[in-house]
Amino acid sequence: MARLWPRMREKCPGMSMQVVTFENTQAARNMLRNFGGEIDIVVGVYDDAFLREYGCAGVELSREPLHCAVPLESDLAHKDLISLDDLEGDSLMLIQRGWNAEIDRLRDEVRTNHPSISIVDFPQYRAEVFNQCASEGLALVSLAVWKDVHPMLKTIPTDWGITVSYGVMYAPEPSEHVGEFIAALKDELAR
């Protein structure tokens with residue numbers, strides 16, 4: 001996916017990108033509902049319910065399998081693949097129910113079939129969540145695209161068989177320049 005952005009830059013030479021911290025605040029939720037003001041697109045995890053709730057459109061870049069981030073000193077850090085059985089008796093950080101249907105499916109699996117795994121809820125993926133994972137020795141449901149977010153965490157594939165949509169969110173009736181970008185993006189993805 002990292003190779004996609006330079007190709008998009010060639011197709012849309014006037015494009016600029018900024019990485020911004022996106023907190024789950026009322027201001028951020030309003031920004032999602034009002035694309036085109038402060039921000040034109042957001043890249044991240046979403047599902048159909050998320051798009052409906054915020055009145056967004058989305059272009060899926062990939063289906064990302066859920067991974068597990070663990071502190072480097074954890075016994076789990078030496079594994080090549082993490083199963084839910086590996087987490088028995090441990091704590092697993094999961095984003096709050098209702099944020100993503102696929103992650104809710106994992107939550108239900110843990111609650112039903114692995115009750116000895118303690119679920120630690122958090123409201124939104126942000127730096128503090130990764131810091132808490134590292135400092136408190138917890139496991140965190142994560143994605144491979146976030147593997148370099150924290151230097152003291154190792155992100156490991158899982159056998160959970162759950163994937164989430166990762167892509168670009170934008171206004172359903174985008175401005176002309178955003179529409180051009182989305183058209184170019186869809187063209188690039190179709191290659």
Side-chain angles (χ1 to χ4, degrees), residues 1-2 4 21-25 28-29 32 42-169 189:
M1 190 169 342
L4 174 65
T21 302
F22 190 76
E23 299 293 334
N24 191 19
T25 63
R29 290 188 290 276
L32 281 173
V42 170
V43 178
V45 175
Y46 65 86
D47 64 5
D48 290 340
F50 185 94
L51 296 178
R52 278 191 307 276
E53 179 179 349
Y54 292 102
C56 304
V59 174
E60 185 177 85
L61 299 176
S62 61
R63 291 290 301 177
E64 291 293 318
L66 294 182
H67 281 57
C68 190
V70 297
L72 293 177
E73 67 274 1
S74 166
D75 292 340
L76 295 172
H78 304 292
K79 297 187 96 28
D80 294 324
L81 188 73
I82 292 179
S83 70
L84 289 175
D85 290 338
D86 294 327
L87 296 170
E88 294 289 346
D90 287 333
S91 294
L92 178 63
M93 298 180 73
L94 277 169
I95 195 158
Q96 66 190 6
R97 180 175 289 286
W99 188 80
N100 183 282
E102 295 301 313
I103 295 175
D104 286 349
R105 195 163 60 89
L106 174 63
R107 173 186 299 277
D108 294 341
E109 170 70 16
V110 169
R111 288 232 164 108
T112 302
N113 297 316
H114 301 274
S116 73
I117 299 173
S118 174
I119 294 175
V120 177
D121 289 311
F122 60 92
Q124 184 72 28
Y125 282 98
R126 56 183 183 236
E128 293 81 17
V129 170
F130 291 88
N131 287 336
Q132 180 183 1
C133 174
S135 67
E136 295 181 20
L138 305 173
L140 168 66
V141 172
S142 189
L143 300 177
V145 295
W146 299 332
K147 70 181 179 0
D148 296 321
V149 167
H150 197 291
M152 299 308 292
L153 295 177
K154 181 177 179 185
T155 301
I156 302 169
T158 66
D159 68 355
W160 304 339
I162 297 175
T163 61
V164 293
S165 290
Y166 185 83
V168 174
M169 294 165 273
L189 293 171

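Bear in mind that the values here come from a model prediction, so they are computed numbers and not experimental data.
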message = Restricting to non-hydrogen atoms, name the atom on Gly58 and the atom on Leu51 that form the minimum distance, rounded to 0.1 Å.
response = N-CD1, 4.0 Å
inquiry  = Test: salt bridge (charged side-chain N to carboxylate O under 4.0 Å, His left out). Region: residues 81-94. Which pairs qualify, not counting sequence neighbours?
reply    = Lys79-Asp86
inquiry  = Checking Arg105 now: which residues fulfil salt bridge (Lys or Arg N to Asp or Glu O under 4.0 Å) with it, not counting sequence neighbours?
reply    = Glu102
For Asp108, side-chain contact (heavy atoms from CB on, under 4.5 Å) partners two or more places apart = Arg97
request  = List for me each residue that meets side-chain contact (heavy atoms from CB on, under 4.5 Å) alongside Val45, sequence neighbours excluded, and say none if there are none.
outcome  = Trp99, Asn100, Leu143, Trp146, Val164, Tyr166
ask   = Are Val168 and Val42 close enough that some pair of their side-chain heavy atoms sits under 4.5 Å apart?
value = no
message = Restricting to side chain to side chain donor-acceptor pair (under 3.5 Å), what partner residues turn up for Asp121, sequence neighbours left out?
response = Arg107
query = So, for Ile103 and Leu94, which heavy atoms are closest and what is the spacing to 0.1 Å?
reply = CG2-CD2, 3.7 Å
query = What closest approach, in Å, do Leu140 and Cys133 show between heavy atoms, and which atom pair accounts for it?
reply = CB-SG, 3.7 Å
request  = Under the side chain to side chain donor-acceptor pair (under 3.5 Å) rule, collect the residues that match up with His150, sequence neighbours excluded.
outcome  = Asn131
remark   = So CD1 of Ile82 and CD1 of Ile156: to nearest 0.5 Å the spacing works out to 4.0 Å
inquiry  = Among residues at least two apart in sequence or on other chains, which ones pass side-chain contact (heavy atoms from CB on, under 4.5 Å) with Gln132?
reply    = Met93, Val120, Glu136, Leu138
remark   = Closest non-hydrogen atoms of Trp160 and Cys68, given as atom of the first, atom of the second and distance, are CH2-CB, 4.0 Å
query = Between CG of Leu92 and CD1 of Ile119, what distance do you get to the nearest 0.5 Å?
reply = 7.0 Å
key: Smallest separation among heavy atoms of Gly98 and Asp104, with atom names   = N-OD2, 3.0 Å
ask   = Of all heavy-atom pairs between Glu64 and Ser62, which one has the smallest distance, and what is that distance?
value = OE2-OG, 2.6 Å
query = Rounded to the nearest 0.5 Å, what separation is found between the CG atom of Leu76 and the OG atom of Ser83?
reply = 9.0 Å
task = Quick one: list whatever passes side-chain contact (heavy atoms from CB on, under 4.5 Å) with Ala101, sequence neighbours left out.
result = Asp47
task = Measure the spacing between CG of Asp159 and CG of Leu66 and express it to the nearest 0.5 Å.
result = 11.5 Å
note = Contacts of Phe122 meeting ring-ring contact (aromatic ring centres under 6.0 Å, His included) (sequence neighbours excluded), chain-then-number -> Tyr125
key: For Thr163, side chain to side chain donor-acceptor pair (under 3.5 Å) partners two or more places apart   = Arg63
request  = Please tell me if the side chains of Phe50 and Ser165 come closer than 4.5 Å, counting only heavy atoms from C-beta onward.
outcome  = no
message = For the backbone of Thr155 and the side chain of Lys147, can you confirm whether one donor and one acceptor N or O come within less than 3.5 Å of each other?
response = no
key: From CA spacing to verdict: side-chain contact (heavy atoms from CB on, under 4.5 Å), Val43, Leu61   = CA-CA 9 Å; Val43 178; Leu61 299 176; 4.3 Å; yes
request  = Output all residues satisfying side chain to side chain donor-acceptor pair (under 3.5 Å) with Asn113, sequence neighbours left out; order by chain, then residue number.
outcome  = Glu109
inquiry  = Taking the side chain as everything from C-beta on, heavy atoms only, tell me whether Phe130 gets closer than 4.5 Å to Met152.
reply    = no
ask   = For Glu60, does its backbone N or O pair with a side-chain atom of Tyr46 as donor and acceptor, under 3.5 Å?
value = yes
CA sep, side-chain torsions, deciding dist, call: Leu153, Leu72, side-chain contact (heavy atoms from CB on, under 4.5 Å) = CA-CA 5 Å; Leu153 295 177; Leu72 293 177; over 6 Å; no
ask   = Got a sec, which pairs hit ring pair (Phe, Tyr, Trp, His ring centres under 6.0 Å) with one end in residues 65-90, sequence neighbours left out?
value = none
